[in-house]
Amino acid sequence: MATITPWEVKGNIDYDKMIKEFGLKKIDPELLTRIEKIAQKKGKKLHRLLRRQLFYAHRELKWFLDEYEKGNKVFMYTGCGPSGPIHLGHYMIWEFTKYLQDILDIELWFQFTDDEKFLFKNQTYEEIQKWTKENMLDVIAIGYNPKKTFFLQDTKHANLMYPEAIKVAKKITFSTVKGAFGFTNDKSIGEIFFTAMQAVPAFLPSVINNKKMPCLIPHAIDQDPHFRITRDVIEKLGHHKPASIQSKFMPGLSGMEDGKQSSSSGKAIYMSDTPKEVKKKINKYAFSGGKDTVEEHRKLGGNPDVDVSYQWLLFFEDDDEKIKQIYADYKSGKILSGELKAILIETVNKILKEHQERRAKANSEEFIYKN
Ligand code: TRP
């Protein structure tokens, strides 16, 4: 059985089952065509994560696009829990969020939940503050529009956020939180309260502008319990229920059953890794769908469907033809596991190099919301 909460993801995940259990919808071909048309106006294709159903589920995306196309002011909201270095699993979602900002040309509100990480992790307040600063630079390096992107840091924007959070909190019972997150009685009262803070950016721009504005939240599917609670509650407060778009997880380096890629398991690739570290980690840990010997592999071929290097390429290699060729060649035994790993290493190192260059020039003053 898989475990999926915002704080723990383990085991083999049945994504179709999650759609049913969470009450989500699959992104259907009609929606894809609609997004593609919007993208084409900006000279872009449909994003590979949509083409490959890696962003695969949503709530009320049709409604959100209707509002957008009517010319109503809409915005996006996503976030970062600052407790360690940023890895490729974060990058994947944030780069997709940049794509949405590029094609829709709308505001993005970015929440840094330093309160959450202090409450849930065994780290001091000071350590979390350090990670918040560091992570902000990585978020800026993604390349969001500085004129339309606003950072909120929960402890620093408390004057704005706390009055809204208590309105949310008043409408959520202890038993709702227990049910949604699987909390037991040993949880601290801070942890129990926290979901109210993650709800706030979904409607804060409406409060600031004194205007009801539709919100779209791109996120990995483990964050869904927060927004399932948020939807009902903030509607009662007079705001729109937020729309959302959910991604699957990037598998951990050591395999699909490892749950998601995470810093806690130690086998993630960080945005700060050197080319040498990337090479070493992938060669050493990337679970292979290849055969034990070269002879056997040439004869019987490998299994790309369980091979982490191939799965990771689906997230980062944009060229569909190249992907198809790699799949066929690995399956037939023409490509060996070492060769497939070498392709992934090159792809990842290119992404990291460009990211690191942009990060070196980042300045967070430009992005922190000033009220
Ligand atoms: N709780 C998220 C984490 O631990 C961070 C976060 C805050 C977030 N607000 C969000 C993620 C909105 C997605 C969407 O990483």
Side-chain angles (χ1 to χ4, degrees), residues 4-9 22 24 55 57-59 61 64 75-98 100-101 107-123 128 131-132 134-136 138-139 142 144 149-158 160-161 164-165 168 177 180-181 183 190-205 215-231 234 241-250 259-264 268 270-271 369:
I4 300 148
T5 78
W7 301 283
E8 187 186 24
V9 178
F22 290 1
L24 303 167
F55 263 87
H58 75 98
R59 280 201 174 93
L61 187 53
F64 181 84
F75 69 98
M76 269 192 304
Y77 154 44
T78 195
C80 164
S83 66
I86 297 311
H87 56 64
L88 282 170
H90 301 113
Y91 172 85
M92 175 272 287
I93 296 177
W94 298 344
E95 192 261 338
F96 178 74
T97 304
K98 171 178 156 54
L100 290 180
Q101 187 182 48
E107 282 182 5
L108 168 65
W109 289 73
F110 213 111
Q111 178 182 34
F112 292 83
T113 51
D114 56 344
D115 52 346
E116 173 188 19
K117 295 298 151 173
F118 172 72
L119 291 165
F120 282 85
K121 295 259 174 174
N122 191 15
Q123 289 185 41
I128 297 294
W131 283 120
T132 306
E134 291 290 326
N135 292 176
M136 280 181 175
D138 285 287
V139 172
I142 303 290
Y144 299 115
T149 304
F150 305 98
F151 287 1
L152 294 169
Q153 181 180 347
D154 289 358
T155 62
K156 297 290 179 287
H157 291 89
L160 264 183
M161 299 180 75
E164 302 309 322
V168 173
V177 171
F181 301 113
F183 284 175
E191 288 167 297
I192 298 163
F193 173 78
F194 169 72
T195 192
M197 288 298 284
Q198 186 150 328
V200 170
F203 63 92
L204 189 65
C215 168
L216 172 66
I217 312 173
H219 65 85
I221 194 149
D222 59 329
Q223 297 295 314
D224 194 70
H226 285 298
F227 302 121
R228 246 178 293 149
I229 299 181
T230 297
R231 286 167 58 75
I234 73 174
K241 291 184 177 189
S244 53
I245 179 164
Q246 281 92 0
S247 76
K248 299 178 183 173
F249 302 116
M250 248 184 96
K260 67 171 178 174
Q261 177 175 210
S262 125
S263 314
S264 333
Y270 301 116
M271 299 314 287
Y369 181 69

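Source: prediction; values computed, not measured. Atoms within each ligand, like the ligands themselves, are counted from 1 in listed order.
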Protein contact to [atom] [nearest heavy atom, distance to 0.1 Å]:
| atom | answer |
| --- | --- |
| atom 4 (O) of ligand 1 | K117 NZ, 3.2 Å |
| atom 7 (C) of ligand 1 | Q111 OE1, 3.3 Å |
| atom 15 (O) of ligand 1 | G81 N, 3.3 Å |
| atom 2 (C) of ligand 1 | Q223 OE1, 3.4 Å |

Is ligand 1 less than 4.0 angstrom away from at least one heavy atom of [X]?
| X | answer |
| --- | --- |
| F227 | yes |
| C80 | yes |
| H90 | no |

Modelled atom types, side-chain donor and acceptor of [X] and [Y], under 3.5 Å:
| X | Y | value |
| --- | --- | --- |
| T132 | D114 | no |
| Q223 | Q198 | yes |
| S244 | Q246 | yes |
| W109 | E107 | yes |

Task: Closest non-hydrogen atom pair between I93 and A220, with its separation - done: CD1-CB, 3.5 Å
Open item on the list: Quick check: closest heavy atoms across K248 and M92, and the distance to 0.1 Å?
Closed with: O-CE, 3.8 Å
Open item on the list: Nearest non-hydrogen contact with atom 12 (C) of ligand 1 belongs to which option: P6, A220, G79?
Closed with: G79
Flag [X] as yes when one of its N or O atoms lies below 3.5 Å from any N or O atom of ligand 1, and as no otherwise.
| X | value |
| --- | --- |
| T78 | no |
| Y77 | yes |
| H226 | no |

TODO: Using the six-membered ring wherever Trp is involved, compare the ring planes of W7 and F183 and label them parallel, tilted or perpendicular (cut-offs 30° and 60°).
DONE: tilted
- [ ] If the plane angle is over 60° it's perpendicular, under 30° parallel, otherwise tilted; pick one for H226 and F181.
- [x] tilted
